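Computed from a predicted model, the values in this text were never measured in an experiment. Both backbone and side-chain heavy atoms feed into the values below; hydrogens, waters and symmetry mates do not.
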Amino acid sequence: MKASRQLRLSSRRAKLAVLAALVATLVSLVSLTGSWSLIDLRAYDYLSILGRPPLPEDGPVIVAIDEPSMAEIGSQWPWPRALHARLIQALRAAGAKAIALDVIFAEPAAAPENDQALAEVLGSDVVLAGDETLIRTPQAEQFVRTEPLPVFLERGAKVGIASVDLSGDGTLRQIPSYQDGLAVTLATVAGAEPAHPPRRALMQTFGPARTYPTVSYYQALDPESFLPEETFRGRVVIVGLSLQNAPTISGGGIDAFATSDTVFSRGLVAGAEIHATIYDNLVHRLFVKRTGAAVAIAAIVLASLAAALAVLGSTSWKTLGYGALALILIFLASYGLMRLSHVFVSPLAPALAFLGVAVGQAGLDYAEERRRRRAITRAFSQYLSPALVERLARDPSQLKLGGERRTLTVLFCDVRGFTTISEDMKDDPEGLTTLINRLLTPLSEAVLNRRGTIDKYIGDCLMAFWNAPLDDPDHAVHAVQAARDMLTALGDLNAELEAEAKAAGRPPKTLRIGIGINTGECVVGNMGSARRFDYSALGDAVNLASRLEGASKDYGVPLLLGERTATLAARKFAVAELDRITVKGRSAVSPVFTLADGASQPALERHRAYLARKYSGEIAADDGLFDDLKAALPPLARYYERERERLSG
């Protein structure tokens with residue numbers, strides 16, 4: 001048995017190893033595709049907005065080229081560059097330490113004096129936007145770099161590339177890889193030390209559009225009139241388009257982008273605010289590094305191994321709970337790494353690998369379970385009630401084939417006077433068979449309905465037992481209940497037979513049965529030959545149950561119980577000891593009992609007093625006690641009559 005379990009466990013381990021390797025390989029291959037990369041980035045969107053860092057207090061201030069400014073200035077975009085010159089002067093006067101204009105001045109203005117006015121106010125504290133564009137043609141790919149006019153750069157202004165890298169779904173998540181990007185250059189000009197993130201680093205957002213402090217362009221032109229005194233003092237300022245009525249996903253927007261926040265806000269974020277976000281990510285080292293394929297595959301393999309360990313023993317409804325817990329842990333691990341180490345390992349592929357192994361093994365176990373259940377149902381449908389067969393099929397671990405020692409309650413039931421009945425019906429064998437089947441059917445149903453196991457039919461005799469193959473803590477009680485049901489069913493059958501005989505004008509046939517029940521140690525299992533066997537029980541307790549059934553007719557009662565059965569059933573039924581006997585084949589004296597349904601406690605006390613006198617030899621045939629006992633205990637009336645006849649000789 002132990003070797004068999006080891007063999008099954010080894011086989012399960014081998015199959016799990018193959019399944020885990022197959023799932024890990026497939027998920028790894030899928031995770032390397034571009035489509036899956038976008039799914040991972042969407043997972044980042046959701047995780048990154050949970051518990052994100054607060055907006056830095058010393059971050060940039062946005063000067064928005066917005067609708068109110070256009071209305072106040074009274075001019076459509078683009079505005080004269082002399083106006084930008086006034087803005088730079090106003091911001092400097094208000095204490096701004098660095099200014100970035102997210103506007104590209106690559107072409108000369110229609111009025112040269114406007115270019116001259118702007119050039120005169122530029123200096124090393126100003127960053128002007130540049131652009132890099134990838135031009136694809138059938139022949140080649142070429143980067144085209146666009147920079148401000150040389151006249152502006154000659155005055156000390158810096159160039160910052162304002163181009164950004166969008167993911168395949170059009171969402172802006174990555175920190176631009178330009179060494180002279182707008183945010184990098186602005187941070188350097190402001191005296192900060194920006195970090196140089198690795199390629200494909202992801203930015204953390206601080207909120208939806210207008211999360212950064214934002215003022216309108218026209219207000220910044222005259223901050224003393226419109227703004228608090230400290231609005232720009234010691235701050236970095238980014239000037240750019242920030243139109244409020246356009247930046248939505250459906251409506252699009254000028255210089256506006258979808259970010260991780262767009263998942264919830266459904267709005268786009270202005271380019272100026274994007275550069276502010278990149279600035280804070282670089283200055284405060286808040287960006288998140290993406291792991292390479294090797295780390296992602298390692299996480300997939302670990303998740304597959306964890307799933308294999310989780311289902312190594314078996315799968316059940318508990319597996320759902322374990323699986324849910326494992327998925328939660330995978331997502332928490334990914335979130336923890338992102339928050340604590342600023343490293344993003346997508347939880348989706350490991351979660352898929354875990355589910356693949358767990359669900360795959362659960363499917364294999366289900367198929368195997370179905371196969372085992374069919375085999376068990378076929379094997380035990382002859383012995384057990386359908387409910388017990390179903391229970392055994394659901395939990396085959398309760399089944400131990402091959403023979404084992406168990407405490408059983410064994411029942412034998414035999415038809416009284418069957419020889420006489422057979423002789424009377426010798427000319428009607430079909431009728432005799434029908435009669436026996438009509439009797440054995442309700443008797444069998446009584447056993448099965450009380451969770452018993454039918455061992456065999458021996459002619460007109462039925463043998464059954466309880467507490468195997470399934471555990472039954474109340475086996476003795478259930479056996480006695482089955483015996484009572486048998487006697488009730490017999491009464492019903494006799495009533496039917498009497499009615500049928502009366503209708504046919506023939507004498508009725510009254511059937512009687514004797515039942516013996518005993519509890520004790522037995523060996524139970526599949527017994528027989530290599531080609532044919534039955535699930536049966538053997539042991540001294542079985543023999544005694546058979547002897548009790550035979551002895552029941554000598555005591556005038558339909559049911560005799562062994563001592564241990566009576567002890568176990570006494571908590572549920574009124575039992576009465578009848579005698580102490582030595583049955584055939586046994587040398588030991590065995591007390592025998594029967595049911596005393598409906599007997600009062602005083603009546604049972606009188607019966608026990610009678611037994612004490614009986615065992616001491618103080619009872620005589622003419623003792624008037626018998627008539628009193630028959631009146632007090634009607635179920636034992638025939639027993640007392642037999643006792644009187646025995647004493648009479």
Side-chain angles (χ1 to χ4, degrees), residues 8-52 167-169 173-174 198-202 204 260 263 288-369:
R8 288 197 300 269
L9 183 58
S10 297
S11 175
R12 185 180 180 85
R13 286 173 176 170
K15 293 177 181 178
L16 259 176
V18 172
L19 177 62
L22 179 62
V23 170
T25 301
L26 291 177
V27 174
S28 296
L29 292 175
V30 170
S31 70
L32 297 177
T33 63
S35 299
W36 188 266
S37 177
L38 292 179
I39 297 174
D40 284 341
L41 290 173
R42 181 61 71 188
Y44 171 79
D45 293 340
Y46 284 98
L47 290 177
S48 67
I49 61 177
L50 298 175
R52 56 188 167 195
S167 302
D169 59 354
R173 302 180 183 90
Q174 294 184 184
R199 184 174 172 272
R200 302 194 314 149
L202 302 171
Q204 294 199 66
S260 296
V263 172
V288 176
K289 297 182 284 292
R290 293 182 68 183
T291 56
V295 175
I297 292 174
I300 292 170
V301 171
L302 286 175
S304 300
L305 291 176
L309 290 175
V311 299
L312 182 60
S314 64
T315 55
S316 66
W317 289 111
K318 292 182 180 179
T319 307
L320 291 176
Y322 297 147
L325 178 61
L327 295 181
I328 291 172
L329 291 176
I330 289 173
F331 277 84
L332 286 177
S334 174
Y335 180 77
L337 280 173
M338 185 183 67
R339 283 285 165 251
L340 300 177
S341 302
H342 289 187
V343 174
F344 178 62
V345 180
S346 175
L348 297 184
L352 179 61
F354 187 97
L355 287 176
V357 174
V359 173
Q361 186 59 47
L364 294 175
D365 286 349
Y366 178 76
E368 177 65 17
E369 176 71 13

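For the atom pair OG of Ser334 and CG of Leu329, the computed distance is 12.5 Å after rounding to the nearest 0.5 Å. Note that CZ of Arg52 and CZ of Arg339 are 9.0 Å apart. Values are rounded to the nearest 0.5 Å. Arg200 CZ to Ser37 OG: the interatomic distance, rounded to the nearest 0.5 Å, is 6.5 Å. Taking CG from Leu325 and OG1 from Thr319, the interatomic distance works out to 12.5 Å, rounded to the nearest 0.5 Å. Put simply, CG on Leu309 and OG on Ser304 are 11.0 Å apart, with the number rounded to the nearest 0.5 Å.
Scanning both residues, Arg12 and Val311, for their nearest heavy atoms gives NH2-O, 2.8 Å. In terms of heavy atoms, Ile300 sits closest to Ala24 at CG2-O, 3.8 Å. In this structure, Gln204 and Ser48 approach most closely via the heavy-atom pair OE1-O, 4.5 Å. The heavy-atom pair separating Lys289 from Ser341 by the smallest distance is NZ-O, 4.2 Å. Leu202 approaches Gln174 most closely through the heavy-atom pair CD2-CG, 4.0 Å. Leu41 and Arg173 make their closest contact through O-NE, 3.6 Å (heavy atoms, listed as atom of the first residue, atom of the second, distance).
Inter-residue side-chain proximity for Leu47 and Met338 is flagged as met; some heavy-atom pair is nearer than 4.5 Å. Counting heavy atoms from C-beta on, the side chains of Arg42 and Asp169 come closer than 4.5 Å.
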>> Run the side chain to side chain contact (heavy atoms under 4.5 Å, CB included) test on Gln361 and Leu19 for me, step by step, so that the C-alpha distance in whole Å, both residues' side-chain angles and the decisive distance to 0.1 Å come before the verdict.
In response: CA-CA 8 Å; Gln361 186 59 47; Leu19 177 62; 3.9 Å; yes
Donor-acceptor contacts, no H, no angles, side chain residues 345-360, under 3.5 Å, sequence neighbours left out:
| unit_1 | atom_1 | unit_2 | atom_2 | d |
| --- | --- | --- | --- | --- |
| Ser346 | OG | Asp40 | OD1 | 2.6 |
| Ser346 | OG | Leu348 | N | 3.3 |

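Counting only residues at least two apart or in different chains, ring-ring contact (aromatic ring centres under 6.0 Å, His included) contacts with residues 328-348 comprise Tyr44-Phe344. For residues 17-28, the set of pairs meeting the side-chain hydrogen bond (donor to acceptor under 3.5 Å, both in side chains) definition, not counting sequence neighbours, is empty.
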